[in-house]
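For reference, the structure discussed in these notes is given below.
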Number of protein chains: 2
Amino acid sequence: MISNNRQLEILSLLSEKGNVSVEEFAIKFNVSKMTIRRDLEKLQENNLLQRTHGGALMNRVLLQEMAYNDKREENAEIKQCITRKAVTFLENNKIIYLDAGTTTFELAQKLPTQDLTVITNDIRIAAHLMLSNNQVIFLGGLIGKETGSVTDVYAQEMLKEFNIDVAFLGTSSVDNEMNLCTPDINRMKMKKIAYESANKSILLVDSSKFYSKSLYKILNINDFDVVITDFDVNELTNFDLKATEFVSVKCNRKEDKEC
Amino acid sequence: MISNNRQLEILSLLSEKGNVSVEEFAIKFNVSKMTIRRDLEKLQENNLLQRTHGGALMNRVLLQEMAYNDKREENAEIKQCITRKAVTFLENNKIIYLDAGTTTFELAQKLPTQDLTVITNDIRIAAHLMLSNNQVIFLGGLIGKETGSVTDVYAQEMLKEFNIDVAFLGTSSVDNEMNLCTPDINRMKMKKIAYESANKSILLVDSSKFYSKSLYKILNINDFDVVITDFDVNELTNFDLKATEFVSVKCNRKEDKEC
DNA sequence: TTGCTTATGTTTGTTTTTGTTTGTTTTATT
DNA sequence: AATAAAACAAACAAAAACAAACATAAGCAA
């Protein structure tokens, strides 16, 4: 087994159990304790765990990263389908806005590597796109720990100043009347401002988000120019959706071929 | 880019398993290990994976790997010494500013994990600290590709609004008259604003930066409350440094014990 | 064919990783 | 505090992986 791989496994077990012992791993990987100690030392250097006498404790930094990765996994196939469709709405030299969220993060990874200007309030999206040849503008402010995004008044004011060609928005829920909802007032405002600043707004929403509501109404699904979703078309035709281009991606969870 | 089928298969297996070993593939494809290494080398050049001793890991999107790469940087040991000293100037519940740069990035990794408010214009610093329990405020704007930082008018205006307890600044050069210099007007302004907004300013500068000048003067070394450097003390006493608390870290490049 | 380029294998010496030994430090117990 | 047991870490040695340089083979155009 290659050493980095062993270190990754140590981290992964650590995140499950919270603490690990040197002996445990020496046996598990069939290497000497010294080797495990050296692994732990290296991992500690990178702030990935906290060594103790006899083993190591989890660093809470790691916890959060894992939580984020887990969240990414949820509905992964569906998000792949949705974002794969979303990129077809892109054109060169456009200014786009990417809302904070896991779906838009997936979209960020599928963007062309150049000729776009991308505005975002999600630090993970910004950090990722920084490596591309696109122009990246990050909205400033206090970074929210759970979401890795900025939504405060700084970000809101800054966002108002841009002329956006296409805004890609996500949402945490859609209620019975097809209103997008969110429990947080700042997130609500960010989305509204993005919508208002953009010539065209595209909603990315997977079916798990429907029929649940929370405190703030943001916009109605009808307000969007395009809605990309795996939600059942028939259910939606009960509503008056003529104003919206409606793209339903059929997504077979297992085979992932239809999209 | 990808020259053959084998490399494609390596990537595909890598994305399935997360890691691969050289030996495994040498056997699987019935070629020499050297050939596999050359494949991995090529794929790494294209940022498609991360080589390790014995094999390769999937290329991770998160910034952990960046931290990794930074470890291998030139004056790494000296920067370690300087930043180790710098953290001793921190107190709980303070508002600090971290300038963009590799030295301050090192410092960010050594910060306590809570009770600080950190303002920064460096996205790597922000992304890293986001995982801690400190409050993190990122200054918005266009992200510069080479530096991963924002220095434009948005960032400048935003920075002016904060009350900073301690600002930690770096610099690209210090000229013969002990003025900090930079070739970029926006970077110059950012540093000046940070200096003016802060109660206390601490300069982190390694000896390689001295005696070289560039277009814009920022500040004089005497303006700082504290200067932390590995530069030879005797050379500096030729200048009138009484206004500045001067901390010289002795750093033995090889042994790295003095600090 | 010849000459060129590219991919691969082999040899060699170097670097990295790992295990072992030894003596020290930490922890727990009396 | 004294003691024993466990964990640790420095130093060395062995093994594995690596990479440069050269040799060989394959593919391809003139």
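We name chains A, B, ... by the order of the sequence lines, and we start the count at 1 in each one.
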* With sequence neighbours excluded, what pairs up with B:Ser172 under the side-chain hydrogen bond (donor to acceptor under 3.5 Å, both in side chains) test? ->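 If we apply the side-chain hydrogen bond (donor to acceptor under 3.5 Å, both in side chains) test to B:Ser172, skipping adjacent residues, there are no hits.
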* To do: Could I get the full list of side-chain hydrogen bond (donor to acceptor under 3.5 Å, both in side chains) partners for A:Thr83, not counting sequence neighbours?
  =>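 Residues passing side-chain hydrogen bond (donor to acceptor under 3.5 Å, both in side chains) with A:Thr83: A:Lys110.
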* C:dG9, D:dA17, D:dA9: which one has an atom nearest the side-chain heavy atoms of A:Met34? ->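 Minimum distance to the A:Met34 side chain belongs to D:dA9.
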* Asked: From the list D:dA7, C:dA7, C:dT8, which nucleotide is the closest neighbour of the side chain of A:Glu23?
  ->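 For A:Glu23, the side-chain atoms sit closest to D:dA7.
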* **For B:Glu91, all residues meeting salt bridge (charged side-chain N to carboxylate O under 4.0 Å, His left out), sequence neighbours excluded** =>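 Here no residue qualifies.
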* Asked: Looking at residues at least two apart in the chain, or sitting in another chain, which of them share a salt bridge (charged side-chain N to carboxylate O under 4.0 Å, His left out) with B:Lys33?
  ->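 Salt bridge (charged side-chain N to carboxylate O under 4.0 Å, His left out) list for B:Lys33, sorted by chain: B:Glu23.
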For [X] and [N], what is the distance between atoms [atom1] and [atom2] respectively, to the nearest whole Å?
X	N	atom1	atom2	result
A:Asp39	C:dT16	CG	P	16 Å
A:Glu41	C:dT18	CD	C1'	14 Å
A:Leu40	D:dC8	CG	P	8 Å
B:Ile36	C:dT10	CD1	C1'	16 Å

* Which residue, A:Arg38 or A:Thr52, contacts DNA chain D at a nucleotide closer to its 5' end, judged by nearest heavy atom? ->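 Closer to the 5' end of DNA chain D: A:Thr52.
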* Structure fact -> Protein-proximity profile, nucleotides 22-30 of chain C, B/S/- by nucleotide at the 4.0 Å heavy-atom cutoff, equals ----SS---
* Asked: Does B:Thr35 place a side-chain N or O at less than 4.0 Å from the phosphate oxygens OP1/OP2 of C:dG9?
  ->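 For B:Thr35, the contact criterion (side-chain N or O under 4.0 Å from OP1 or OP2 of C:dG9) is met.
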* To do: Take the C1' atoms of the five end pairs on each side of the helix from C:dT1-D:dA30 to C:dT30-D:dA1, get both axes, and report the angle to 10 degrees.
  =>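 Computed angle between terminal axes is 40°.
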